[in-house]
Amino acid sequence: LMRPLAALPIGVSAVVWFVVNVVCTGHSAWILSRLLAPPGLTAAFLAMTLLLALPYTLENIFLGQLHAVILYLMVLSFAAIRRHRGPIVGAAGVAVATAIKLLPAIFGVYFLIRREWRAFASFVLLLAVTTVAVPAMFLGRRTAFALLGEFYQLQVGPYLSGESTQHAIYVRTAVRKTPHDQDLGADRHPARRALPG
């Protein structure tokens with residue numbers, strides 16, 4: 001996802017990503033306000049939402065993480081479900097968000113609890129497409145499956161076994177002062193290129 005930004009000069013990519021974060025956060029708040037606000041209080045609800053979310057919003061924007069994009073995808077799915085726009089549209093945002101970060105997969109369980117079988121099937125299918133089919137198409141099957149196996153070994157396995165805090169990758173990503181491989185300058189910094197993963 002960050003590859004197109006990495007092709008730009010670091011200053012330009014930072015500005016573009018800042019704008020993306022602001023737009024995703026602002027439009028998410030606007031959609032939620034229109035869906036959830038009492039009649040006649042949409043503007044007040046929007047202002048309250050943005051005010052309450054300000055610490056999270058600013059931290060996310062300045063750290064340049066993917067949370068605003070994930071939030072946006074989840075809100076789009078939520079809005080599609082509320083407006084009865086069909087199971088595939090309702091599951092699409094959840095599936096793509098889960099492909100980016102595993103936590104939104106909990107909404108797959110939500111589909112099961114609600115017995116939204118078509119939405120759950122759409123979620124599983126779209127998740128398979130985004131996490132397996134697309135990487136295999138662009139990277140080749142052998143490379144894609146090797147990377148997925150490494151991802152499971154480094155990220156999923158330790159969390160499922162309860163050993164995540166003992167894993168080297170946890171130490172590297174949990175402490176904010178250590179160099180991360182998730183930011184826009186990761187490919188440019190020699191020390192970061194040397195980090196595993």
Original post:
Atom CD1 of Ile113 and atom CZ of Phe107: how far apart are they, to the nearest 0.5 Å?
Top reply: 11.0 Å
**OP:** Applying side-chain contact (heavy atoms from CB on, under 4.5 Å) between Leu76 and each of Val94, Ile31, Leu71, report the one that passes.
**Re:** Ile31
Subject >> Closest non-hydrogen atom pair, Thr25 against Ala68 >> reply: OG1-CB, 3.5 Å
Original post:
How far apart are the closest heavy atoms of Thr98 and Ala105, and which atoms are they?
Top reply: OG1-N, 3.3 Å
Original post:
Between CG of Leu5 and CD1 of Ile10, what distance do you get to the nearest 0.5 Å?
Top reply: 9.0 Å
Original post:
Between Phe45 and Ala37, what is the shortest heavy-atom contact and its length?
Top reply: CB-CB, 3.5 Å
Subject >> Exercise: identify the closest heavy-atom pair between Thr49 and Ser33 >> reply: OG1-OG, 4.4 Å
Original post:
How many angstroms lie between atom CD1 of Ile70 and atom SG of Cys24, to the nearest 0.5 angstrom?
Top reply: 10.5 Å
Original post:
Is there a chain of hydrophobic side chains (I, L, V, M, F, W, Y, each step under 4.5 Å between heavy atoms) that links Val75 to Leu36?
Top reply: yes
Original post:
Do you know the tightest heavy-atom contact between Ala80 and Val89?
Top reply: CB-CG1, 3.7 Å
Subject >> Linked, directly or transitively: Val16 and Ile100 (ILVMFWY side chains, under 4.5 Å) >> reply: yes
Original post:
How far does CG of Leu127 sit from OG of Ser122, to the nearest 0.5 angstrom?
Top reply: 12.0 Å
Original post:
Which atoms form the tightest heavy-atom contact between Gly90 and Phe111, and what is the distance?
Top reply: O-CZ, 4.2 Å
Subject >> Separation of Trp30 CH2 from Arg34 CZ (nearest 0.5 Å) >> reply: 5.5 Å
**OP:** Give the C-alpha distance, both sets of side-chain angles, the deciding distance and a yes or no for side chain to side chain contact (heavy atoms under 4.5 Å, CB included) between Phe145 and Leu139.
**Re:** CA-CA 9 Å; Phe145 290 138; Leu139 302 172; over 6 Å; no
Subject >> Cluster check Val132, Val129: I/L/V/M/F/W/Y, side chain < 4.5 angstrom >> reply: no
Original post:
Around atom CG of Leu148, are there more than 12 heavy atoms of other residues, nucleotides or ligands at under 6.0 Å?
Top reply: yes
Original post:
If you round to the nearest 0.5 Å, how far is CG of Leu112 from CZ of Phe120?
Top reply: 4.0 Å
**OP:** Among residues two or more places apart or on two chains, list those pairs meeting side chain to side chain donor-acceptor pair (under 3.5 Å) that have a residue in residues 67-78.
**Re:** His27-Tyr72, Asn60-His67, His67-Lys101
Original post:
What about Val124 and Val134, same hydrophobic cluster or not, with Ile/Leu/Val/Met/Phe/Trp/Tyr joined at side-chain heavy-atom distances under 4.5 Å?
Top reply: no
Original post:
Any link between Leu126 and Val109 through a network of hydrophobic side chains (Ile, Leu, Val, Met, Phe, Trp, Tyr) touching at under 4.5 Å?
Top reply: no
